[in-house]
S.K.: 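Here it is, the structure in full.
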Amino acid sequence: MKKLRNSLLTQYLLIILVATLILPLSLPVVSVIFYNSLEKVDDPVRYYNGTDLENMWIETAKGLSGASEAEIHQKLLEMNHIYQEASMYWVDDSGQTRDKFPSSLAVPDTWSASDAVEFMKQNRGYTVDPFTVVAFIGHEQQEGFMVLQVPRTDMVSPSDQLRAKYNYMFPIALLSIFALFILISMLFFYRIRKRLLHLQKAMATPEATGIPAMIEVTKEDEIGRLEQSFNRMVKKLETSRSREIEEEELRKELIANLSHDLRTPLTTIRGHAYRLQKESLSTKGQESLDFIDEKVNYMGELIENLLSYTLLTTGKYPYYPEKVDMTRLIRNSFSSWYPVFENHQFTIEVDIPDRQLLWEVDPQWMHRVLDNLFQNIARHAKSGQFVAVRVENEAIILEDHGPGMKGKSNQTGIGIGLSIISLMLKEMKLDWDIETSERGTKIKIQKR
């Protein structure tokens with residue numbers, strides 16, 4: 001039940017249900033309120049209809065039969081309080097105008113028969129404004145007459161005005177209800193969108209560890225359950241990351257310890273092999289001794305590479321960058337390998353200009369990179385018997401005609417030497433590019 005109550009689908013269905021019911025319910029409620037208010041807006045002692053006004057004025061005039069001037073004045077004063085916007089006055093039997101309301105009313109002070117006829121002609125008709133009623137005082141029509149003039153704009157009762165407003169207020173109210181429903185729906189989906197964008201931002205913004213941070217779950221609806229699932233995923237990733245870091249540290253520590261422990265027996269084997277070289281051996285014995293010496297040297301290099309790789313990945317390998325003349329460094333590095341390539345009858349091409357090429361690198365690291373590359377050529381590209389060292393457009397180029405890095409070699413390793421080269425060049429902010437095929441390999445090193 002709680003899950004259903006917190007469901008976004010349930011909440012939106014409730015909004016639709018309320019919107020569906022509010023229209024038919026609002027119509028009778030508004031009508032009752034409206035018609036109850038009609039009974040209170042109209043003045044019960046006042047008439048608005050022309051016929052009612054005319055009958056009322058005639059009866060009032062008849063009721064003043066034989067009345068004194070004071071009584072007529074008092075009656076008009078009462079009527080003026082009721083019809084404040086109207087004009088009214090009376091003319092006595094001698095044709096004199098008396099008691100004008102308002103007093104500034106422009107009418108003849110003395111009435112003749114022609115004045116009376118002209119007045120009646122001008123104020124006849126159903127559309128003449130103001131609405132005019134003339135009534136004789138008394139029953140004998142010899143006591144004078146009374147005149148009432150009401151502006152037609154004041155002959156509309158408040159209830160009629162309210163009814164007219166109701167005719168266009170109703171569609172406005174209907175549109176307001178629809179607008180309210182749309183507004184509520186927009187707010188509903190806006191909150192959903194805001195929470196989804198918050199979740200998207202949390203997914204796309206990783207912490208320093210590369211894993212997103214957990215988010216606060218405020219509601220238990222569908223999005224809240226999605227946020228909970230996201231937090232569980234983040235927690236699993238953090239646990240996995242911690243385990244991975246721990247295993248990586250153990251692996252590096254194991255490699256470092258093994259590298260250190262293997263150095264001692266290798267040194268002992270190398271010492272005994274050197275002692276045997278001084279002894280008289282047969283041809284086969286000498287071949288075996290040379291093979292042992294070669295493999296011991298290879299294992300020594302492999303252990304050294306493993307240790308270097310471990311130190312590089314942990315950031316513990318000493319790094320001292322400085323301005324270095326690369327042309328001089330390349331000559332020095334290649335000069336130590338020149339006899340090796342010459343001994344293997346390599347065709348050697350060297351094109352190193354005399355001008356300086358200054359790079360900010362660690363010279364020991366750069367020697368290590370070049371030594372690893374020359375060593376790979378000497379070991380794996382013997383069949384091509386070609387090596388080239390060039391400096392072109394401020395880039396170092398090494399080239400061979402061996403079987404390529406995808407080709408077969410009698411001394412194929414695990415590739416840790418290339419990994420060390422990549423890590424060192426990356427730390428020194430140098431880029432390198434390898435083009436390799438069955439016709440040879442070309443390596444290009446340049447500043448980033």
S.K.: Say whether, by atom type as modelled, one donor and one acceptor occur between the side chain of S333 and the main chain of L329 under 3.5 angstrom.
M.R.: no

S.K.: In terms of the angle between their ring planes, are F374 and F341 parallel, tilted or perpendicular, with boundaries placed at 30° and 60°?
M.R.: perpendicular

S.K.: Can you measure from CG (L105) to CD (Q149) and round to the nearest 0.5 angstrom?
M.R.: 7.0 Å

S.K.: Which value, rounded to the nearest 0.5 Å, describes the distance between Q385 atom CD and D400 atom CG?
M.R.: 12.0 Å

S.K.: How far does CG of L77 sit from NE2 of H81, to the nearest 0.5 angstrom?
M.R.: 4.0 Å

S.K.: Looking at CD of E394 and CD1 of I445, how far apart are the two atoms once the value is rounded to the nearest 0.5 Å?
M.R.: 15.0 Å

S.K.: Would the distance check show the side chain of W57 and the main-chain N or O of M146 forming a donor-acceptor pair, the cut-off being under 3.5 Å?
M.R.: yes

S.K.: In plain terms, say whether R448 and D431 are close enough for a salt bridge, that is, a side-chain N and a carboxylate O under 4.0 Å apart.
M.R.: yes

S.K.: For D99, what residues pass the side chain to side chain contact (heavy atoms under 4.5 Å, CB included) criterion, not counting sequence neighbours?
M.R.: H73, L76, W90, F101

S.K.: To the nearest 0.5 Å, what is the distance between CG on L148 and OG1 on T132?
M.R.: 8.0 Å

S.K.: Return yes if some donor-acceptor pair links the side-chain N/O of S335 with the main-chain N/O of N332 below 3.5 Å, else return no.
M.R.: yes

S.K.: Do side-chain atoms of S422 reach the backbone of L418 as a donor and acceptor pair under 3.5 angstrom?
M.R.: no

S.K.: Distance-only, no hydrogens or angles: does the N393 side chain make a donor-acceptor pair with backbone N or O of A395 under 3.5 Å?
M.R.: no

S.K.: So, the side chain of N343 versus the backbone of P339: is there a donor-acceptor pair under 3.5 Å, distance only?
M.R.: no

S.K.: Might you work through the side chain to side chain contact (heavy atoms under 4.5 Å, CB included) test for T441 and I434, ending with a clear yes or no?
M.R.: CA-CA 7 Å; T441 301; I434 302 175; 4.0 Å; yes

S.K.: Using residues 344-357 as the side-chain source, report each donor-acceptor pair under 3.5 Å to any protein atom, sequence neighbours left out, with the distance given to one decimal.
M.R.:
| residue | atom | partner | partner atom | Å |
| --- | --- | --- | --- | --- |
| H344 | ND1 | V340 | O | 2.9 |
| D354 | OD1 | R331 | NH2 | 3.3 |

S.K.: Just list the side-chain donor-acceptor pairs under 3.5 Å for residues 172-192, sequence neighbours left out, or say none.
M.R.:
| residue | atom | partner | partner atom | Å |
| --- | --- | --- | --- | --- |
| S176 | OG | I172 | O | 2.8 |
| S185 | OG | F181 | O | 2.9 |

S.K.: Kindly compute the distance separating CE (M428) from OH (Y319), expressed to the nearest 0.5 Å.
M.R.: 6.5 Å

S.K.: Using 4.0 Å as the upper bound for N to carboxylate O, is an ion pair formed by E399 and R390?
M.R.: yes

